[in-house]
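The chains referred to below are lettered A, B, ... by the order of the sequence lines, with proteins before strands, and numbering in each begins at 1. Every value quoted in this text rests on a predicted model; they were computed, and no experiment measured them.
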Amino acid sequence: MPEKVRVRFAPSPTGSLHIGGARTALFNLLYARHNNGKLILRIEDTDTERSTEESTLQILRSLKWLGLDWDEGPEKGGDFGPYFQSQRLDLYKKEVDGLLAEEKAYYCYCTPEELSQRREEALKAGKPPKYDGCCRKLTPEQRKKFEAEGRKHTIRLKMPEEGQTVVDDLIRGRVVFDNSVLDDLIIVKSNGIPTYNFACVIDDNAMKITHIIRAEEHLSNTPKQVQAYLALGYDIPQFAHVPMILAPDRSKLSKRHGATSVEEFRDQGYMAESIINYLTLLGWSPEGTEEIFDMEKAIKEFTLDRVNKTAAVYDVKKLTWINGHYMREMDLGYVTEQTIPFMIKKGIITEQESKDKFDYIKKIVEVSRDRAKTLDELAHTVAFFFKDVTEYEEKGVRKHFSKENAVKLLTLGADALEKLDHFTHDKTEETFRNITADLGLKAAEIIHPTRLAITGRTIGPGLFDIIVLLGKEKTVERMRKAVKWIGARHQSY
RNA sequence: GGCCAUAUCGUCUAGGGGUUCAGGACGCCGCCCUCUCACGGCGGUAACGGGGGUUCGAAUCCCCCUAUGGCUACCA
């Protein structure tokens, strides 16, 4: 009878959720859903110096925005709460007391200064900088003396001095560590709060976690945790250490690498669906060659044995391509809704206008979305529909406005459009093509200057899509304005 | 320094002894489509870190080296 799968994502609230954390959360969710299990979210806020509530909120926000929904945890509750380690101190204390009583753990009075000094000395002497175990066999008298001196203590877990600790990792296979390299782990800091490596063991056990799926950086600490499981008499869960995500220069992700947090990507105009799809493919691969994966499909196909062992460098270019793909393939109304906040932020439209003119904006997005790879970029390219053209792209002026016939064609075009009753794509196009055909010119001769006149740019959607959406009045007005602009420019020479 | 892990195109990856002078995706380049730019279609560029084994045969298994990453905190 297989036990019910329970996995967890356990971030520490010391910063924003970066893409590495998001990927770990995603793999946990994928594994849980694929196996009809539960995803537990637990906040590891045992570092009272660095943990902030703001960070917790930001992580929850990012997770929700990405669609990584947990079953138990903050805001959700559950039978194994509380889900903040700072609220579980009693539980830890109980377990520590047991360990102390059984003499599996002991008080250590060494100060951080002494420790680091000894570490440096050992390093200098070419020896491993391991804790020397000096407090391991303190007599009651010595202990009393230290206490009388007012020394603070930590609590350490005794590690076996001989033998080996084996970690059977679902991704990496059997990893063996010599116990002789294991430090007596500090399980309670001098401020009375347990360390991560200990608290997570107690919580994973108490929360009945069956599979610990986390980043590879935790692999080296796993034997110590295994010893904690053993000392506490717990069953050892399954471990799966997923490869790390590295910055383009192959170093660990950090702020200096530009955008690494989920919120930064969001603000740059990447959609949640794209980030999820991209992250799914980082370290995991499907059996087939299809790379477009929504969450549902990924859940169906996800297994741990197709997770690879190699650290991955993230590639914004590919993320951008995926984002462009989603922007043009997803439901038009949805993409429009996603784009609107960026338009508002840029001052292209107001919140009210976004509601009043939603259908209009939707049509604009429809003809423009093929060309943009981010929502931010799309919002930018669409601005001329709402804002007057105040300047013309210089390259275009040289190419299209300085031509002999530009003024003539723009004038003819404006005149003809003005008289048009049925202002449709086909009618406007027919009108333009007739004008150039009559003069023995190619349609491009009028199309390019017109685009520049009404958008200020040389690139953009099909001209007649623009003309129809912009409307007769504005189109004609902008064309005439351009004619004047060209005239004024020529006079100044 | 010690311990652990990893090593296929620039990047993400498939491939786990012969069916692969290594397949896909992004990027890049070219062509087609075309009113521009995109999109789309087609084609191209580009990789098994090095050295030893094992084997009839190795990108695939073993060893060594090298490189990279992680851990070695009273951070997680």
Scan [X] against the nucleic acid and name what it touches under 4.0 Å (heavy atoms): base, sugar-phosphate only, or nothing.
X: A:Ser285; result: sugar-phosphate
X: A:Gly396; result: nothing
X: A:Arg214; result: nothing
X: A:Arg451; result: base

Only pairs under 3.5 Å count here: list side-chain donor-acceptor contacts from residues 405-415 of chain A, not counting sequence neighbours, and write none if there are none.
from	atom 1	to	atom 2	distance (Å)
A:Thr411	OG1	A:Val407	O	2.6
A:Asp415	OD1	A:Arg480	NH1	3.1
A:Asp415	OD1	A:Arg480	NH2	2.8

Residue pair A:Leu246/A:Val313 against RNA chain B: nearer the 5' end by closest nucleotide is A:Val313
The residue, A:Thr310 or A:Glu287, whose nearest nucleotide of RNA chain B is more 5′ is A:Thr310
Expected string for nucleotides 71-76 of chain B under the B/S/- scheme (protein heavy atoms, under 4.0 Å, primed atoms plus P, OP1, OP2 as sugar-phosphate) is S-SBBB
Interatomic distance, CZ@A:Arg8 vs CG@A:Asp204, rounded to 0.5 Å, equals 4.0 Å
For A:Phe401 together with A:His448, are the ring centres under 6.0 Å from each other?
no
Q. When the ring centroid of A:Trp70 is compared with that of A:Phe9, is the distance short of 6.0 Å?
A. no
[N] - base-pair partner by Watson-Crick or wobble geometry, distances under 3.5 Å:
N: B:rA5; value: B:rU68
N: B:rA59; value: none
N: B:rA25; value: B:rU11
N: B:rC48; value: none
N: B:rU34; value: none

Per atom distances to the A:Asp370 side chain, the nearest of B:rA5, B:rU11, B:rC39 is B:rC39
Practice problem: Give a yes/no on whether any side-chain N or O of A:Arg371 is located under 4.0 angstrom from OP1 or OP2 of B:rU36. | Solution: no
Looking at B:rA67, I'd like to know if its phosphate oxygens (OP1 or OP2) sit under 4.0 Å from a side-chain N or O belonging to A:Arg250.
no
Residues A:Val468 and A:His425: closest non-hydrogen pair is CG2-N, 3.3 Å
Whole-Å C1' distance, B:rC29 and B:rG16:
34 Å
*asked:* For A:Glu54, I'd like to know if atom CD has over 12 heavy atoms of other residues, nucleotides or ligands within 6.0 Å.
replied: no
So side chain to side chain donor-acceptor pair (under 3.5 Å) across residues 273-283 of chain A, not counting sequence neighbours, yields A:Glu273-A:Tyr334, A:Ser274-A:Asn323, A:Asn277-A:Tyr326
